[in-house]
S.K.: 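Below you will find the structure I want to go over with you.
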Amino acid sequence: MIMAKENNIKPIELFNRWYTDELNLRKEKIPSVCCLSTIGVDGFPNARYISLKEVAGDCFSVTGPVTSRKGIEVSAVNKIALTFWWKATERQVRIQGIAHTISERQADKYFNKRSLYSQAVSSICDQGKEIEYPENLKKRVLQKVSEATKIIRPNNWGVFSIKPIRMEFMEFKESRFHDRKLFELGNNGWTLNQIQP
(Lines give C-alpha, C1' and ligand atoms only; values in the text may rest on other atoms or scores of the structure.)
Protein backbone atom coordinates (compact mmCIF):
# COMPACT_ATOMS: atom_id res chain seq x y z
CA MET A 1 0.00 0.00 0.00
CA ILE A 2 1.21 3.48 -0.90
CA MET A 3 0.09 6.70 0.71
CA ALA A 4 -1.28 8.69 -2.21
CA LYS A 5 -0.20 12.00 -0.71
CA GLU A 6 3.40 10.79 -0.54
CA ASN A 7 3.39 10.46 -4.33
CA ASN A 8 1.50 13.73 -4.86
CA ILE A 9 -1.29 11.78 -6.53
CA LYS A 10 -4.83 12.98 -5.89
CA PRO A 11 -7.61 10.84 -7.40
CA ILE A 12 -9.87 13.79 -8.21
CA GLU A 13 -7.03 15.47 -10.12
CA LEU A 14 -6.34 12.21 -11.96
CA PHE A 15 -10.03 11.94 -12.86
CA ASN A 16 -10.04 15.50 -14.22
CA ARG A 17 -6.91 14.78 -16.27
CA TRP A 18 -8.39 11.60 -17.74
CA TYR A 19 -11.67 13.39 -18.45
CA THR A 20 -9.78 16.10 -20.34
CA ASP A 21 -7.82 13.49 -22.30
CA GLU A 22 -11.07 11.86 -23.40
CA LEU A 23 -12.65 15.21 -24.22
CA ASN A 24 -9.71 16.12 -26.46
CA LEU A 25 -9.82 12.83 -28.40
CA ARG A 26 -13.52 12.11 -28.55
CA LYS A 27 -15.47 13.00 -31.67
CA GLU A 28 -18.94 12.42 -30.21
CA LYS A 29 -20.59 14.00 -27.20
CA ILE A 30 -18.61 14.95 -24.10
CA PRO A 31 -17.61 12.06 -21.83
CA SER A 32 -19.95 13.02 -18.97
CA VAL A 33 -22.21 9.99 -19.48
CA CYS A 34 -21.79 7.49 -16.66
CA CYS A 35 -23.63 4.59 -15.08
CA LEU A 36 -25.16 5.34 -11.67
CA SER A 37 -25.72 2.20 -9.59
CA THR A 38 -27.89 2.13 -6.49
CA ILE A 39 -29.25 -0.45 -4.08
CA GLY A 40 -32.91 -0.99 -4.97
CA VAL A 41 -35.68 -0.91 -2.39
CA ASP A 42 -36.30 -4.58 -3.33
CA GLY A 43 -32.68 -5.46 -2.55
CA PHE A 44 -31.63 -5.81 -6.20
CA PRO A 45 -28.92 -3.56 -7.64
CA ASN A 46 -30.22 -0.96 -10.05
CA ALA A 47 -28.24 0.90 -12.71
CA ARG A 48 -28.94 3.61 -15.27
CA TYR A 49 -26.97 5.99 -17.47
CA ILE A 50 -26.97 9.62 -16.42
CA SER A 51 -24.92 12.73 -17.06
CA LEU A 52 -22.30 13.94 -14.63
CA LYS A 53 -22.92 17.65 -14.09
CA GLU A 54 -19.78 18.76 -12.31
CA VAL A 55 -16.80 17.81 -10.22
CA ALA A 56 -16.85 20.39 -7.45
CA GLY A 57 -14.11 20.22 -4.85
CA ASP A 58 -13.82 16.55 -3.97
CA CYS A 59 -17.40 15.60 -4.92
CA PHE A 60 -19.27 14.54 -8.05
CA SER A 61 -22.63 16.18 -8.79
CA VAL A 62 -25.60 14.52 -10.53
CA THR A 63 -29.16 15.81 -10.85
CA GLY A 64 -32.71 14.54 -11.14
CA PRO A 65 -36.04 14.12 -9.40
CA VAL A 66 -35.65 13.02 -5.79
CA THR A 67 -39.04 11.29 -6.15
CA SER A 68 -37.84 9.11 -9.05
CA ARG A 69 -36.71 5.54 -8.45
CA LYS A 70 -33.07 6.58 -8.28
CA GLY A 71 -33.93 9.42 -5.88
CA ILE A 72 -35.92 7.10 -3.61
CA GLU A 73 -33.14 4.51 -3.67
CA VAL A 74 -30.41 7.04 -2.88
CA SER A 75 -32.51 8.44 -0.03
CA ALA A 76 -33.00 4.94 1.41
CA VAL A 77 -29.37 3.79 1.03
CA ASN A 78 -26.95 6.55 0.07
CA LYS A 79 -24.08 4.20 -0.87
CA ILE A 80 -23.79 4.46 -4.65
CA ALA A 81 -21.42 3.75 -7.53
CA LEU A 82 -20.53 5.68 -10.67
CA THR A 83 -18.86 3.97 -13.63
CA PHE A 84 -17.29 5.76 -16.60
CA TRP A 85 -16.14 4.05 -19.80
CA TRP A 86 -14.18 6.26 -22.16
CA LYS A 87 -13.88 4.75 -25.61
CA ALA A 88 -11.34 7.12 -27.17
CA THR A 89 -8.72 6.61 -24.46
CA GLU A 90 -9.84 3.07 -23.54
CA ARG A 91 -10.05 3.93 -19.88
CA GLN A 92 -12.51 3.07 -17.16
CA VAL A 93 -13.12 4.84 -13.85
CA ARG A 94 -15.14 3.20 -11.08
CA ILE A 95 -16.23 5.27 -8.11
CA GLN A 96 -17.93 4.21 -4.89
CA GLY A 97 -19.16 6.92 -2.58
CA ILE A 98 -21.74 8.46 -0.29
CA ALA A 99 -24.47 10.66 -1.79
CA HIS A 100 -26.18 13.62 -0.14
CA THR A 101 -28.60 16.23 -1.46
CA ILE A 102 -27.28 19.78 -1.61
CA SER A 103 -28.99 23.05 -0.70
CA GLU A 104 -32.02 24.32 -2.61
CA ARG A 105 -30.10 27.45 -3.61
CA GLN A 106 -27.40 25.33 -5.27
CA ALA A 107 -30.07 23.13 -6.88
CA ASP A 108 -31.64 26.29 -8.36
CA LYS A 109 -28.26 27.16 -9.87
CA TYR A 110 -28.00 23.78 -11.61
CA PHE A 111 -31.64 23.86 -12.76
CA ASN A 112 -31.27 27.32 -14.26
CA LYS A 113 -28.40 26.06 -16.46
CA ARG A 114 -30.72 23.55 -18.15
CA SER A 115 -32.39 24.28 -21.47
CA LEU A 116 -35.95 25.59 -21.34
CA TYR A 117 -37.18 22.31 -22.84
CA SER A 118 -35.37 20.25 -20.19
CA GLN A 119 -36.79 22.49 -17.48
CA ALA A 120 -40.31 21.99 -18.89
CA VAL A 121 -39.89 18.21 -18.95
CA SER A 122 -38.69 18.25 -15.32
CA SER A 123 -41.56 20.48 -14.19
CA ILE A 124 -44.31 18.46 -15.88
CA CYS A 125 -43.19 14.84 -16.00
CA ASP A 126 -43.20 12.41 -13.08
CA GLN A 127 -40.08 10.46 -14.03
CA GLY A 128 -40.50 6.70 -14.18
CA LYS A 129 -44.28 6.64 -13.69
CA GLU A 130 -46.56 4.84 -16.14
CA ILE A 131 -48.10 6.88 -18.95
CA GLU A 132 -51.17 6.10 -21.04
CA TYR A 133 -51.03 8.87 -23.64
CA PRO A 134 -47.42 9.99 -24.34
CA GLU A 135 -48.48 12.48 -27.03
CA ASN A 136 -50.70 14.38 -24.58
CA LEU A 137 -47.79 14.73 -22.17
CA LYS A 138 -45.51 15.88 -24.96
CA LYS A 139 -48.07 18.54 -25.97
CA ARG A 140 -48.15 19.83 -22.39
CA VAL A 141 -44.34 20.12 -22.40
CA LEU A 142 -44.30 21.95 -25.74
CA GLN A 143 -47.03 24.31 -24.56
CA LYS A 144 -45.05 25.09 -21.40
CA VAL A 145 -41.98 25.86 -23.51
CA SER A 146 -43.93 28.14 -25.83
CA GLU A 147 -45.52 30.09 -22.96
CA ALA A 148 -42.61 30.35 -20.51
CA THR A 149 -39.51 32.48 -20.51
CA LYS A 150 -38.45 31.17 -17.11
CA ILE A 151 -39.43 27.95 -15.37
CA ILE A 152 -39.10 27.56 -11.61
CA ARG A 153 -37.37 24.44 -10.33
CA PRO A 154 -39.96 21.93 -9.10
CA ASN A 155 -39.70 20.94 -5.44
CA ASN A 156 -38.93 17.32 -6.31
CA TRP A 157 -35.90 18.15 -8.50
CA GLY A 158 -32.55 18.15 -6.75
CA VAL A 159 -28.83 17.57 -6.89
CA PHE A 160 -26.91 14.69 -5.34
CA SER A 161 -23.36 15.39 -4.29
CA ILE A 162 -21.30 12.20 -4.17
CA LYS A 163 -18.21 12.05 -1.99
CA PRO A 164 -15.96 9.20 -3.18
CA ILE A 165 -14.43 6.70 -0.80
CA ARG A 166 -12.97 4.44 -3.52
CA MET A 167 -11.81 5.30 -7.02
CA GLU A 168 -10.36 2.77 -9.41
CA PHE A 169 -8.61 3.85 -12.61
CA MET A 170 -8.09 1.24 -15.31
CA GLU A 171 -6.24 1.63 -18.60
CA PHE A 172 -7.03 -1.16 -21.04
CA LYS A 173 -4.14 -2.85 -22.85
CA GLU A 174 -4.30 -5.05 -25.96
CA SER A 175 -2.27 -7.63 -24.07
CA ARG A 176 -5.09 -7.73 -21.47
CA PHE A 177 -2.48 -6.84 -18.84
CA HIS A 178 -4.54 -3.82 -17.85
CA ASP A 179 -3.11 -1.11 -15.62
CA ARG A 180 -5.31 -0.74 -12.52
CA LYS A 181 -4.86 1.72 -9.68
CA LEU A 182 -7.16 1.69 -6.65
CA PHE A 183 -7.44 4.72 -4.38
CA GLU A 184 -9.17 4.28 -1.02
CA LEU A 185 -10.01 7.02 1.46
CA GLY A 186 -9.09 6.29 5.08
CA ASN A 187 -8.58 8.25 8.28
CA ASN A 188 -5.19 9.47 7.09
CA GLY A 189 -6.27 10.43 3.58
CA TRP A 190 -6.06 8.56 0.29
CA THR A 191 -4.02 5.39 -0.13
CA LEU A 192 -3.06 3.91 -3.48
CA ASN A 193 -2.68 0.26 -4.45
CA GLN A 194 -1.65 -1.13 -7.80
CA ILE A 195 -3.96 -4.11 -8.38
CA GLN A 196 -3.72 -7.06 -10.76
CA PRO A 197 -5.36 -6.91 -14.20
Side-chain angles (χ1 to χ4, degrees), residues 4 9-41 44-102 106-107 109-115 117-119 121-122 125 127-128 156-173 178-185 190 192 195 197:
I9 299 173
K10 295 180 181 176
I12 300 293
E13 291 178 3
L14 182 56
F15 177 90
N16 286 331
R17 192 160 67 238
W18 278 26
Y19 185 97
T20 301
D21 288 347
E22 180 72 13
L23 186 60
N24 289 337
L25 288 174
R26 198 168 180 140
K27 300 295 186 272
E28 306 95 30
K29 292 187 176 181
I30 61 171
S32 60
V33 175
C34 58
C35 182
L36 170 68
S37 301
T38 53
I39 299 170
V41 293
F44 280 88
N46 205 355
R48 76 286 287 159
Y49 285 98
I50 61 166
S51 178
L52 175 72
K53 299 305 177 190
E54 185 178 31
V55 181
D58 60 352
C59 293
F60 297 81
S61 298
V62 299
T63 63
V66 296
T67 52
S68 65
R69 177 179 287 189
K70 70 173 173 283
I72 292 168
E73 290 173 349
V74 171
S75 297
V77 181
N78 66 347
K79 296 176 179 178
I80 66 90
L82 291 173
T83 307
F84 295 82
W85 163 243
W86 291 325
K87 182 179 178 181
T89 52
E90 295 191 322
R91 289 169 171 170
Q92 174 182 273
V93 181
R94 297 169 59 203
I95 299 166
Q96 291 175 296
I98 308 298
H100 298 282
T101 53
I102 66 173
Q106 289 175 295
K109 181 189 79 170
Y110 280 96
F111 188 78
N112 292 336
K113 289 180 179 179
R114 294 164 65 87
S115 71
Y117 189 90
S118 295
Q119 291 176 346
V121 169
S122 296
C125 298
Q127 190 179 88
N156 72 333
W157 193 93
V159 180
F160 292 103
S161 180
I162 301 157
K163 185 172 181 59
I165 61 166
R166 283 187 206 93
M167 295 181 68
E168 182 193 312
F169 297 81
M170 177 188 284
E171 292 191 81
F172 280 73
K173 307 292 184 184
H178 310 311
D179 182 60
R180 298 176 65 188
K181 292 178 172 60
L182 176 63
F183 292 84
E184 294 187 274
L185 185 61
W190 289 97
L192 167 63
I195 57 178

S.K.: Could you tell me if the side chain of Arg17 sits less than 4.5 Å from the side chain of Leu14, heavy atoms only?
M.R.: yes
S.K.: Hey, does Gln119 have a side-chain heavy atom less than 4.5 Å from the side chain of Phe111?
M.R.: yes
S.K.: Looking at Asp58 and Lys163, does any basic side-chain N land under 4.0 Å from a carboxylate oxygen?
M.R.: yes
S.K.: Search all heavy atoms of Phe84 against all heavy atoms of Ser32 and return the closest pair with its distance.
M.R.: CE2-O, 4.1 Å
S.K.: Kindly determine whether Gln106 and Val159 satisfy side-chain contact (heavy atoms from CB on, under 4.5 Å), including the steps that lead there.
M.R.: CA-CA 8 Å; Gln106 289 175 295; Val159 180; over 6 Å; no
S.K.: As an exercise, state the distance from CD of Gln96 to CZ of Arg166, rounded to the nearest 0.5 Å.
M.R.: 4.5 Å
S.K.: Quick check for you: to the nearest 0.5 Å, what is the distance between Ile98 atom CD1 and Cys59 atom SG?
M.R.: 11.0 Å
S.K.: Could you list the donor-acceptor pairs under 3.5 angstrom formed by side chains in residues 74-81, with sequence neighbours left out?
M.R.:
| residue | atom | partner | partner atom | Å |
| --- | --- | --- | --- | --- |
| Ser75 | OG | Gly71 | O | 2.9 |
| Asn78 | ND2 | Ala99 | O | 3.2 |

S.K.: Under 6.0 Å between ring centres, would you say that holds for Trp85 and Tyr49?
M.R.: no
S.K.: For a quick test of reading the model, state the closest non-hydrogen atom pair linking Ala88 to Glu22 and the distance between them.
M.R.: N-OE2, 3.1 Å
S.K.: Which distance, rounded to the nearest 0.5 Å, do you find between the OG1 of Thr67 and the CD1 of Ile72?
M.R.: 6.5 Å
S.K.: Look up atom CH2 in Trp157 and atom CZ in Arg114, then write down how far apart they are to the nearest 0.5 Å.
M.R.: 5.0 Å
S.K.: State, yes or no, whether a side-chain contact exists between Met167 and Leu185 at a heavy-atom distance under 4.5 Å.
M.R.: no
S.K.: Atom OH of Tyr19 and atom CD1 of Ile12: how far apart are they, to the nearest 0.5 Å?
M.R.: 14.0 Å
S.K.: If you count the non-hydrogen atoms of other residues, nucleotides and ligands that lie under 6.0 Å from CZ in Arg94, is the total more than 12?
M.R.: no
S.K.: What heavy-atom pair brings Val62 and Lys53 nearest, and what distance separates the two atoms?
M.R.: CA-CG, 4.3 Å
S.K.: Between OG1 of Thr89 and CD of Glu171, what distance do you get to the nearest 0.5 Å?
M.R.: 8.0 Å
S.K.: Taking all heavy atoms of His178 and all of Lys173, pick out the closest pair and write down the distance.
M.R.: ND1-N, 3.0 Å
S.K.: State, yes or no, whether a side-chain contact exists between Phe169 and Arg91 at a heavy-atom distance under 4.5 Å.
M.R.: no
S.K.: Tell me the closest heavy-atom pair linking Leu36 and Lys70, and the distance in Å.
M.R.: CD2-CD, 3.9 Å
S.K.: Is the shortest heavy-atom distance from the side chain of Phe60 to the side chain of Leu52 under 4.5 Å?
M.R.: yes
S.K.: Would you name the heavy atoms of Gln127 and Ser68 that are closest together and state the gap between them?
M.R.: OE1-CB, 3.4 Å
S.K.: Indicate yes or no for a side-chain donor-acceptor contact from Glu168 to the backbone of Arg180 under 3.5 Å, with no hydrogens or angles considered.
M.R.: no
S.K.: Would you call Lys113 and Glu54 a salt bridge, taking side-chain N to carboxylate O under 4.0 Å as the test?
M.R.: no
S.K.: Suppose we call two aromatic rings close when their centres sit under 6.0 Å apart. Are Phe15 and Trp86 close by that rule?
M.R.: yes
S.K.: Would a 4.5 Å heavy-atom cut-off, applied to side chains only, mark Thr63 and Phe160 as touching?
M.R.: no
